[in-house]
Amino acid sequence: MTDTALTVQQTARPTGFPIPGHFRFAESAVPDPAPGTALVENVLWSVDPYHREMMDGDFALHAPLEGRTIGRVVASRDAALPEGALVFHRHGWRTHAVVRPDEARLLPDFAGVPLSAHLSLLGGTGLTAYVGLTRIARLREGEDLFVTAAAGGVGTATGRFARLLGAGRLVGSAGSAEKVRHLIERVGYDEAFDYHAGPVAELLAKAAPAGVDIAVDNVGGDQLAAAVGALRERGRVVRVGTVGQYNTPDAPPVVFDHAAVVEKSLRIEGFLVRDHTAVQEELYEFAVPHLQSGALVPDETVVDGFEHIVEAFLSMLRGGNTGKMLVRATR
């Protein structure tokens, strides 16, 4: 194990898209665990759209950032965190972290399941998709879905889970023709479109002329407005995120037909996945057998080297990933 630890710190608040100059790498000695804690050497990091939102005020400047991370316990002073164990925790954006048992979760060893799945389909991304479909939308067999940002981490997980849960027709929006092909050829979407190709409402009407029952929205803006317009009677909108507006603070507010919410008896509901951690074991029971059989495949873009974590994050914000964006240690 190296004697030097690296952390990523935010140095300024961005306006619009962040740039590399908004971050810096800080070196320090690898910390020693105090009684009741353990030292974890991180091996896999998640960079997520919500991190951009946190840059506006939730992340403290000149302090280590946070994020979903997997690491191996290399020194322990608490029996609940044995040395050699792989753990999930949120002290990310750093090579080493000292964690307490209540800050870390021992990862189960599922034969045939890649470690990265614990940050994608079995992690917060997959849990978001699963909760959105089963708890918020209350998906019923045969119902049709429209998913925005369908080629991202939550979007691909939503498509794959919805197919396994018996959904009807799946329609998605994505940011390039290549991603559209991936959704149709690999993920299981019936139809998808590049939202740059024209007015989203028109593209969605062509892709789903009979409308949809559920919209899982990760974007906001005109895609949310189009989704409301396409919903059938008693349709549901699951609001996951607003990635289309994180980097455009001056964007006008979304405009949609509010009368349709009443006239079609629609329901629009958002949620935070942190309020649904009790569903984690249910997600394992649902997804792990499908991962082991090959019926469920993670969609991931993996960048090697912690030194590239800022680049990976900025690339993800500009749509450089298909599926979940992850960073993997190279030593």
Side-chain angles (χ1 to χ4, degrees), residues 6-25 42-56 58-59 64-70 92-95 114 116-117 119-121 123-126 128-129 147-159 172-183 186-187 192 194-196 218-221 223 240-249 251 298-330:
L6 286 176
T7 64
V8 178
Q9 302 180 3
Q10 184 181 337
T11 59
R13 303 290 179 205
T15 299
F17 275 94
I19 60 174
H22 290 120
F23 302 89
R24 74 181 181 99
F25 285 85
N42 294 327
V43 298
L44 201 61
W45 298 265
S46 170
V47 292
D48 296 286
Y50 80 86
H51 288 141
R52 171 61 189 88
E53 208 172 11
M54 295 187 73
M55 290 184 72
D56 290 335
D58 293 305
F59 282 151
L65 306 183
E66 71 90 29
R68 299 172 179 135
T69 306
I70 291 173
W93 294 75
R94 67 196 83 183
T95 57
S116 60
L119 288 181
S120 59
L121 289 175
T125 297
T128 298
V147 182
T148 66
V154 172
T156 50
T158 297
S173 68
S176 70
E178 181 181 4
K179 290 183 177 182
V180 166
R181 286 193 297 273
H182 179 82
L183 290 174
R186 306 289 289 274
V187 181
D194 180 351
Y195 63 84
H196 298 107
N218 301 284
V219 177
Q223 298 203 47
V240 176
T242 314
V243 68
Q245 296 170 247
Y246 291 158
N247 298 296
T248 53
D299 298 271
E300 300 169 350
T301 298
V302 181
V303 174
D304 283 316
F306 178 76
E307 66 273 19
H308 299 300
I309 191 168
V310 172
E311 298 166 44
F313 172 61
L314 298 180
S315 173
M316 180 270 302
L317 290 180
R318 294 190 179 274
N321 59 300
T322 299
K324 179 69 176 172
M325 178 68 93
L326 299 171
V327 178
R328 179 171 55 199
T330 54

>> The test is side-chain contact (heavy atoms from CB on, under 4.5 Å); show your working for S46 and L326 and say whether it passes.
In response: CA-CA 5 Å; S46 170; L326 299 171; 4.2 Å; yes
Which pair of heavy atoms, one from [X] and one from [Y], lies closest together, and at what distance?
| X | Y | answer |
| --- | --- | --- |
| M325 | V47 | CG-CG2, 3.4 Å |
| W45 | R94 | NE1-O, 2.9 Å |
| T330 | G305 | CG2-N, 3.4 Å |
| G126 | A157 | CA-CB, 4.4 Å |
| E300 | S116 | OE1-OG, 2.8 Å |
| H308 | D304 | CD2-O, 3.1 Å |

Any donor and acceptor pair, going by atom type alone, linking the side chain of [X] with main-chain N or O of [Y] inside 3.5 Å?
| X | Y | value |
| --- | --- | --- |
| Q10 | L65 | no |
| T125 | G123 | no |
| T11 | G21 | yes |
| N218 | G241 | no |

Could you state the interatomic distance from [atom1] ([X]) to [atom2] ([Y]), rounded to the nearest 0.5 Å?
| X | Y | atom1 | atom2 | answer |
| --- | --- | --- | --- | --- |
| D48 | M316 | CG | CE | 6.5 Å |
| R52 | T242 | CZ | OG1 | 12.5 Å |
| Y50 | E66 | OH | CD | 4.0 Å |
| L183 | T156 | CG | OG1 | 8.0 Å |
| I309 | F23 | CD1 | CZ | 9.5 Å |
| H22 | F313 | NE2 | CZ | 11.0 Å |

> Given W93, which of V310, V327, L6 fulfils the side-chain contact (heavy atoms from CB on, under 4.5 Å) condition?
Replying inline: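 Filter result, single survivor: V310.
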> Can you list the steps and then say if V243 with V219 is a side-chain contact (heavy atoms from CB on, under 4.5 Å)?
Replying inline: CA-CA 5 Å; V243 68; V219 177; 4.1 Å; yes
> Taking C-beta and beyond as the side chain, do S315 and N321 meet within less than 4.5 Å on heavy atoms?
Replying inline: no
>> With side-chain contact (heavy atoms from CB on, under 4.5 Å) as the criterion, how do H182 and V187 come out once you've worked through the C-alpha distance, each side chain's angles and the decisive distance to 0.1 Å?
In response: CA-CA 7 Å; H182 179 82; V187 181; 3.5 Å; yes
> Does the side-chain contact (heavy atoms from CB on, under 4.5 Å) test come out yes or no for F25 and T7, once each step is laid out?
Replying inline: CA-CA 6 Å; F25 285 85; T7 64; over 6 Å; no
>> Is it the case that atom CD in E307 sees more than 12 heavy atoms from other parts of the structure closer than 6.0 Å?
In response: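 Yes, the 6.0 Å shell around CD holds more than 12 heavy atoms from other groups.
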